[in-house]
*Asks:* 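After the structure tokens below, expect a handful of questions from me.
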Amino acid sequence: MEYNFRKIEEKWQKVWKETEVYKTDVNFSKPKFYILDMFPYPSGAGLHVGHPLGYIASDIFARYKRQKGFNVLHPMGYDSFGLPAEQYAIQTGEHPAISTERNIKRYRSQLDRLGFSFDWNREFKTSDPSYYRWTQWTFIQLFHHYYCNDLQKAKPIADLISHFEKHGTEQLNVASTNLLNFTSEEWKEFSENEKQNVLLNYRLAYIAETWVNWCPKLGCVLANDEVVNCLSVRGGFAVERKLMKQWILRVSAYADRLLEGLNKLQWNDSIKEIQRNWIGRSEGAFIQFPIQNSELTVDVFTTRPDTIFGVSYMALCPEHSLIDKITTQERKDEVAQFLSEVINLSEVERAAEAKKIRGVFTGAYVIHPFTNEPIPIWIADYVLAGYGTGAIMAVPAHDSRDYAFAKYFNLPIKEVIAGGDITKEAFEAKEGICVNSSFIDGKNVYDGGKAVIDKIIEKKIGHGTVNYRLRDAIFSRQRYWGEPFPIYYKDGVPYTLDEEELPLTLPQVDKFLPTEQGEPPLARAENWKTKDGYPLETCTMPGFAGSSGYYLRYMDPHNNDEYFSKEANEYWQNVDVYVGGAEHATGHLIYARFWNKFLFDIGLCCRDEPFEKLINQGMIQGRSNFVYKIIGTNTFVSYGEKDKYSVIPLHVDVNLVKNDRLNIEKFKQWQPEFANAEFILENGKYICGWEMEKMSKSKFNVQNPDDLVEKYGADTLRMYEMFLGPIELSKPWDTNGIEGVHRFLKKFWRLFHQNDNSEFYLSTDKPSAQELKILHKTIKKVQDDNERFSFNTAVSTFMIATNELLDLQCNKRDILLPLAILLSAYAPHITEELWHLAGNKNSIVDANYPIFDASCVEETSHIYPISFNGKTRLQREFSVQLTQKELEALVLADAEVQKWLDNKTPKRIIIVPKKIINIVV
RNA sequence: GCGGAUGUGGCGUAAUUGGUAGCCGCGCUAGACUUAGGAUCUAGUGCCGAGAGGCGUAGGAGUUCGAGUCUCCUCAUCCGCACCA
């Protein structure tokens, strides 16, 4: 029988489904292994070609681990809240739940055709109320917790209240939005509303007025990682700055732990580095500069306390709250003029004009704490509101931005670190000797900085501190298709719903658009209030809400009483291997770690980090093909001849091209204007040019995995995708070469058959030493490759083994069945079929992984390459028993060695056993 | 500008610890089978050279008996961040 992949794949997919082979349960008698894919957003376009790459890799590993005796959790679901479904709903009026359901069906059928070993019993989508109930529940917990810096842990807000009752803010070391100061007496006298507003300053989920990335086109606020180059990642619309009241998660409280935690994780260095940069830790000092003739201070963060004697002006960001209070009467107009110019500039314009120097003097001065000199306070738009304190001490001699500003406005530049030439440029190196610096003269940069910090602590005007670039995550979206907040308002103050009232399900609305008053779509819902009549929050949660804790829910997805049971969590612990794209480095992978750490703090989950090992699959790029049309004609020139003519390249559908050779007949039929096209060929063929580009319909380079499954089968597609190259490398989606893999599977099939494939046959004869050697070196190599996720090399190992066994015409059961088990993780359908043809009744999924026997691959002799001065000249086979001396004698006795020696005496002979022989002449 | 990664035949890639550079596959060339071939099978295929041989892992230097692999410099490509004080 020929290898009929269509029949085989359909048959086994049905059997696997009916017998629930992939169902997993907690089983304390077996070691667990949790391998997870980043779940997809079910878009209308269907499964993206990049998706299968990661899914296939994780599926291979899951199957391998199972055969190695692990109880493997390998679930799949959908990240089904999101903007595209809502945009579609706005256009068509169709409820996003309906289009989402349709898209999920399509995804599911595409996934099913690839033969994945997902446990579909655990499937859920983030838009299921039974799931988002726990997203809302977690939000409530965040609201009722604050972060204690001393314990480095989230604590119940009740603890904070009792601290306020006893001590006010005295001795408080907690994460907060602003530094507040009040006594216990003052706290007790606060009204209920005042107390609630104070507490928002500490809650891990809080509402506050902030500058946000507002996308008018989407009618929605976006997180920093959802904005690239001032355009929305989804849709590519312009984004501007707007001051709005927003729910925010205090992710920054966890900055230090998010940074520290990276060291223990098996993630690749580039992702860790991206996260480190994103968190952006810098050590320095917090210093308060007293304002002349005022009680107020300008608070700054600096990484260079050693340069404090070089300060020549202070610079505030344009949004700074001090500006109104300190600007002198005579400067007011000019400052107001400046602010109106700068603040209204969108981010795009600011970025575009980054080089332009803009600033204005406030008329006010601070007093230098050590020299008592007055120092002017400026407003500068290069100072960012969102970082540090929004104000800096400017040291032009040692900071290039300050330098440019000082030059432009003619401010003094005072050298305080020796080693540069400050007449030409700022000397920014963090090394050198302090000069012109009073008590730190002669010290190096590091010691000088430390001495300054000691002095400011003594003077009670500051301290050494650590600052992070990581900002709190804005959590409100002015949108319909997301989780409703379990929040209502009483006198404008937010309170959480009772946990019993969850889930708070999405209400029906007449339109998915903002109201005429500009309120979010939920404001359209009738009766969007609590049973006591208090109004509910009208924003919904962002896309990353549902994906931040989904891996925990897979452990116990049908639990109606809790997020997940303690038992399930203690068994499954956390994700051992997480597979997905590197584009989530600063979004999902930070939020999920934050979410997990919080749940860990409150004792819900038992592991501090959610994902032990991370595999980043590379991006799939498109490969376009081109034809070359002679300008002004309907004649097309083949690639090799095109330079002889004046041509324009045109995209041609890659489905009309095979191995860059154009199917001319199909091309003529493709579009009416090509029906009468003429061709200038080379060697009788029309060869197309090609280029790597983004995959898109307009470039005619989209290839659908379904078509390839139809043509070659899932096993071929699975193996081909792995064969393309290392999993983490970005690579073109190029189907040249898929035939080679398909041919391999046909050869593999042939091993198990005789008489021209007409009859299944396995011999029960004892395998030869040679056959055993092939099997066992394959076991070793494939196993090692699996362990290090090197699936491309494993595929070629299978090809080598198959070629070698075909040469030997091996048909031994004891060789071929273990080989089928090895291959089954890669090509589950064909191997399951052969396994059953061989008389097995159980699934190959449950077969034991073959055990490597080193004695089968031991060499009795080795073919040594013999080189002279490192250049290989000949090969000789020697027994591995020989001593170095014996080997040396044999080598020198060899006639050809003597020829290469050319009567010279070798200076030295290097023999590396079982490796090489090198003769130094 | 800062940080990270990558660079090997016509193409995708391999070489796990410094030890025969180019495995496996595509493509290409030739042959067999065939009514036919964009099917299948067999052989060949890094470059230069008729050959002996020489040259080859982005380029240059170095360490070493020996370097794709280690060190330094340069270049190119990709990714991330980008007034982060």
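A, B, ... follow the sequence lines: proteins, then strands. Residue 1 opens every chain.
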*Asks:* Are there any protein N/O atoms within less than 3.5 Å of an N/O atom in nucleotides 24-29 of chain B, and if so, which ones and at what distance?
*Replies:*
{"from": "rG25(B)", "atom 1": "OP1", "to": "Asn803(A)", "atom 2": "ND2", "distance (Å)": "3.1"}
{"from": "rC26(B)", "atom 1": "OP1", "to": "Arg743(A)", "atom 2": "NH1", "distance (Å)": "2.3"}
{"from": "rG27(B)", "atom 1": "OP1", "to": "Asn659(A)", "atom 2": "ND2", "distance (Å)": "2.9"}

*Asks:* Would you say the base of rG38(B) and the side-chain of Asn663(A) have a donor-acceptor pair closer than 3.5 Å?
*Replies:* yes
*Asks:* Here's one to test your reading of the geometry: is the NZ or CZ of Arg593(A) within 45 degrees of the ring axis of Trp267(A) and under 6.0 Å from its centre?
*Replies:* yes
*Asks:* Figure out the CG/P separation between Leu589(A) and rC79(B), and round it to whole Å.
*Replies:*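 Taking CG of Leu589(A) and P of rC79(B), I get 19 Å after rounding.
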*Asks:* Please report the interatomic distance CG(Leu262(A)) to CD1(Ile274(A)), rounded to the nearest 0.5 Å.
*Replies:*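 Spacing of CG (Leu262(A)) from CD1 (Ile274(A)) equals 11.5 Å.
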*Asks:* When you measure from the side chain of Trp278(A), which nucleotide among rC81(B), rU20(B), rG80(B) comes out closest?
*Replies:* rC81(B)
*Asks:* Expressed in angstrom and rounded to an integer, what is the separation of Ile916(A) atom CD1 from rU17(B) atom P?
*Replies:*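 My rounded result for the distance is 17 Å.
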*Asks:* Measure CD/Glu896(A) against C1'/rA52(B) and give the value in whole Å, please.
*Replies:* 13 Å
*Asks:* Arg873(A) CZ to rG53(B) P: how many Å, rounded?
*Replies:* 8 Å
*Asks:* Between Lys781(A) and Gly725(A), name the one whose nearest nucleotide on RNA chain B is closer to the 5' end.
*Replies:* Gly725(A)
*Asks:* Can you tell me how far C1' of rA82(B) sits from OH of Tyr387(A), to the nearest Å?
*Replies:* 13 Å
*Asks:* Taking only residues two or more places apart in sequence, or in another chain, which ones meet Lys711(A) in a side-chain contact (heavy atoms from CB on, under 4.5 Å)?
*Replies:*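 Not a single residue meets the side-chain contact (heavy atoms from CB on, under 4.5 Å) criterion with Lys711(A).
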*Asks:* Nearest to the side chain of Thr302(A), which nucleotide is it out of rC41(B), rA85(B), rA14(B)?
*Replies:*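 Of rC41(B), rA85(B), rA14(B), rA85(B) is nearest to the side chain of Thr302(A).
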*Asks:* Taking syn as any angle within 90 degrees of 0 and anti as the rest, which one fits rG9(B)?
*Replies:* syn
*Asks:* Looking across every strand, which nucleic acid part, if any, lies under 4.0 Å from Ile910(A) by heavy atom: base, sugar-phosphate, or nothing?
*Replies:*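 Here Ile910(A) touches the bases of the nucleic acid.
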*Asks:* Rounding to the closest angstrom, what is the interatomic distance between rC2(B) and rU63(B) at atom P?
*Replies:* 30 Å
*Asks:* Should the ring pair Tyr387(A) and Phe301(A) be called parallel, tilted or perpendicular, given that the plane angle runs from 0 to 90° and is split at 30 and 60?
*Replies:*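 Correct class here is perpendicular.
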*Asks:* How many Å lie between OH on Tyr712(A) and P on rG38(B), as a whole number?
*Replies:*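 Taking OH of Tyr712(A) and P of rG38(B), I get 15 Å after rounding.
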*Asks:* Between rG25(B) and rU42(B), how many Å separate the two P atoms, rounded to a whole number?
*Replies:*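 Pairwise P distance, rG25(B) against rU42(B), rounds to 11 Å.
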*Asks:* Name the closest nucleotide to the Asp381(A) side chain, picking from rC41(B), rC83(B), rC65(B).
*Replies:*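 The answer is rC83(B).
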*Asks:* Considering only rG54(B), rA14(B), rC65(B), which nucleotide approaches the side chain of Val920(A) most closely?
*Replies:*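 Out of rG54(B), rA14(B), rC65(B), the nucleotide with an atom closest to Val920(A)'s side chain is rC65(B).
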*Asks:* Name the closest nucleotide to the Glu273(A) side chain, picking from rG3(B), rG80(B), rA85(B).
*Replies:* rG3(B)
*Asks:* Please report the distance separating the C1' of rG51(B) from the corresponding atom of rG19(B), rounded so that it comes out in whole Å.
*Replies:* 30 Å
*Asks:* Taking OP1 and OP2 of rA85(B), is either one under 4.0 Å from a side-chain nitrogen or oxygen of Ser282(A)?
*Replies:* yes
*Asks:* Closest approach to the side chain of Arg469(A), judged atom by atom: which nucleotide of rC81(B), rA85(B), rU20(B) is it?
*Replies:*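 Selected nucleotide (nearest to the side chain): rC81(B).
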*Asks:* Once hydrogens and angles are ignored, does a donor-acceptor distance under 3.5 Å link the base of rC65(B) to the side chain of Asn918(A)?
*Replies:* yes
*Asks:* When the P atoms of rC47(B) and rG22(B) are compared, how many Å lie between them, rounded to an integer?
*Replies:*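 Approximately 14 Å lies between the P atom of rG22(B) and that of rC47(B).
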*Asks:* Figure out the CZ/P separation between Arg276(A) and rG80(B), and round it to whole Å.
*Replies:*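 Result: 19 Å.
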*Asks:* Looking at Asn792(A), does any N or O in its side chain come under 4.0 Å of the phosphate oxygens OP1/OP2 on rG12(B)?
*Replies:*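 Negative; the distance criterion is not met.
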*Asks:* Which of the following nucleotides, rG80(B), rC65(B), rA14(B), is nearest to the side chain of Arg908(A)?
*Replies:* rC65(B)
*Asks:* Rounding to the closest angstrom, what is the interatomic distance between rC75(B) and rA30(B) at atom P?
*Replies:*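 That atom pair is separated by 45 Å.
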*Asks:* When rounded to the nearest Å, what value does the distance between P atoms of rC78(B) and rU69(B) take?
*Replies:*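 Approximately 24 Å lies between the P atom of rC78(B) and that of rU69(B).
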*Asks:* Charged N to carboxylate O below 4.0 Å: is that the case for Glu273(A) and Arg276(A)?
*Replies:* yes
*Asks:* Hey, can you tell me if His588(A) and His584(A) have their rings parallel, tilted or perpendicular (30° and 60° cut-offs)?
*Replies:* perpendicular
*Asks:* Salt bridge or not for Lys780(A) and Asp784(A), using N-O below 4.0 Å?
*Replies:* yes
*Asks:* Roughly how far apart, to the nearest Å, are rU17(B) and rG12(B) at atom C1'?
*Replies:* 27 Å
*Asks:* So Phe748(A) and Phe744(A), would you call those rings parallel, tilted or perpendicular, with 30° and 60° as cut-offs?
*Replies:* tilted
*Asks:* With both distances kept under 3.5 Å, what pairs with rU40(B), Watson-Crick or G-U wobble?
*Replies:* rA32(B)
*Asks:* Considering only rA85(B), rU20(B), rG3(B), which nucleotide approaches the side chain of Gln875(A) most closely?
*Replies:*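 Of rA85(B), rU20(B), rG3(B), rU20(B) is nearest to the side chain of Gln875(A).
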*Asks:* Output the rounded distance in Å from OH (Tyr403(A)) to P (rG1(B)).
*Replies:* 19 Å
*Asks:* For a quick check of understanding: with a heavy-atom distance under 4.0 Å over all strands, which category does Ile271(A) fall into, base, sugar-phosphate or nothing?
*Replies:*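 No contact.
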*Asks:* Kindly assign one of parallel, tilted or perpendicular to the pair Phe878(A) and Tyr864(A), based on the angle between their ring planes and the thresholds 30° and 60°.
*Replies:*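 Tilted.
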*Asks:* Report the nucleotide, chosen from rC41(B), rG38(B), rA21(B), that has the shortest atom-to-atom distance to any side-chain atom of Thr872(A).
*Replies:*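 It is rA21(B).
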*Asks:* Please measure how far the C1' atom in rC24(B) lies from the corresponding atom in rG9(B), and state the result in whole Å.
*Replies:*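 It works out to 14 Å between them.
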*Asks:* Tell me whether the rings of Trp378(A) and Phe409(A) are parallel (<30°), tilted (30 to 60°) or perpendicular (>60°).
*Replies:*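 If you compare the ring of Trp378(A) with that of Phe409(A), the planes turn out tilted.
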